[in-house]
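Start at 1 with the first residue, then count along the sequence. As the structure is a prediction and not an experimental result, all values here were calculated from the model.
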Amino acid sequence: MAARCLRRRTNSIPSSGVAWRPAPTVTPGPDRALEPIGPTWRRGGATRLRSFSFAVEGLAFVVRTQPNMRFHLVAATGAVLASTAVGLDAGEWLWVIAAIASVLAAECLNTAIEYLCDVVCPERSMAVKRAKDVAAGVVLIFAMTAVVVGAIIFIPKFIDPLSPKGFPTSSVLCRSGDAPTNANGLPGVR
């Protein structure tokens, strides 16, 4: 069924393959083997800026049209504010940034897959449903991984695992100079 949808839709697509960008031409040869040339592959800053503007346009589209992306951006803002508040070190910042970037990238890819599936086969199709479900599952995997990374980084900042009944650590409740430290200089009981 998906092949029938694909065949019918490709008849309406222009010969360039993309309705709004011209296809690049290729000049084969020993010194220029498969080097693309043409209007979208010109060398220079103007074309690179145009390519960058396409990427920004795509991100703006995802933020504008996808409620889940807006939710992920709010969660990312909260994670950055919490990271700033507790004073993460450079290694912890890297993990937080990687978790945020992976969730946002997965959401963008999910949106691209959903739109592509809708173009290829506009009717209801079990194969398209499965493709969309798998793409959404990828976002869920990255989001759950980000939650685990956040828990590993932030829970010790607020709860001292060695204190009875999980009381907050003195490093969060006291000023930095007043916080008792152990022999290693870490927050805790002296």
query = What distance separates E114 CD from L109 CG, expressed to the nearest 0.5 Å?
reply = 11.5 Å
note = Rounded to the nearest 0.5 Å, the CG atom of N110 sits from the CG atom of D133 at a distance of 10.0 Å
request  = Look at the side-chain heavy atoms of Ile, Leu, Val, Met, Phe, Trp and Tyr, link any pair under 4.5 Å apart, and say whether W93 and V149 land in one connected group.
outcome  = yes
message = Does anything in residues 117-136 form a ring-ring contact (aromatic ring centres under 6.0 Å, His included)? List the pairs, not counting sequence neighbours.
response = none
query = Heavy-atom distance under 4.5 Å between the side chains of V63 and L73, does that happen here?
reply = yes
ask   = From R130 CZ over to C117 SG, what is the distance, rounded to the nearest 0.5 angstrom?
value = 13.0 Å
query = According to the ring-ring contact (aromatic ring centres under 6.0 Å, His included) rule, which pairs have a member within residues 119-151, sequence neighbours left out?
reply = none
key: Shortest non-hydrogen separation from I153 to K157 and the atoms involved   = O-CG, 3.3 Å
query = What is the distance from atom CD of E107 to atom CG of L59, rounded to the nearest 0.5 Å?
reply = 12.0 Å
S83 OG to I97 CD1 distance, which is reported to the nearest 0.5 Å = 8.5 Å
task = Please report the shortest heavy-atom distance between P156 and A151, naming the atom on each side.
result = CD-O, 3.7 Å
Return a table of donor-acceptor pairs under 3.5 angstrom between the side chains of residues 84-91 and protein atoms on other chains or two or more places apart.
residue: T84; atom: OG1; partner: V80; partner atom: O; Å: 2.9
residue: D89; atom: OD1; partner: G91; partner atom: N; Å: 3.2
residue: D89; atom: OD1; partner: E92; partner atom: N; Å: 2.8

note = ring-ring contact (aromatic ring centres under 6.0 Å, His included) pairs touching residues 103-134, sequence neighbours excluded, are F61-Y115
task = Determine, using the 4.5 Å side-chain heavy-atom cutoff (strictly less than), whether I100 and V103 are members of one ILVMFWY cluster.
result = no
ask   = Which residue pairs pass the salt bridge (charged side-chain N to carboxylate O under 4.0 Å, His left out) test with at least one member in residues 55-64, sequence neighbours excluded?
value = none
message = So, using ring-ring contact (aromatic ring centres under 6.0 Å, His included) as the criterion, who are the partners of F71 when residues are at least two apart?
response = none
inquiry  = If you compare all heavy atoms of I113 against all heavy atoms of A131, which two are closest, and at what distance to 0.1 Å?
reply    = CG2-O, 4.4 Å
query = Once you round to the nearest 0.5 Å, how far does SG of C121 lie from NZ of K129?
reply = 14.5 Å
ask   = Looking at side-chain heavy atoms only, is the closest gap between C108 and M69 below 4.5 Å?
value = yes
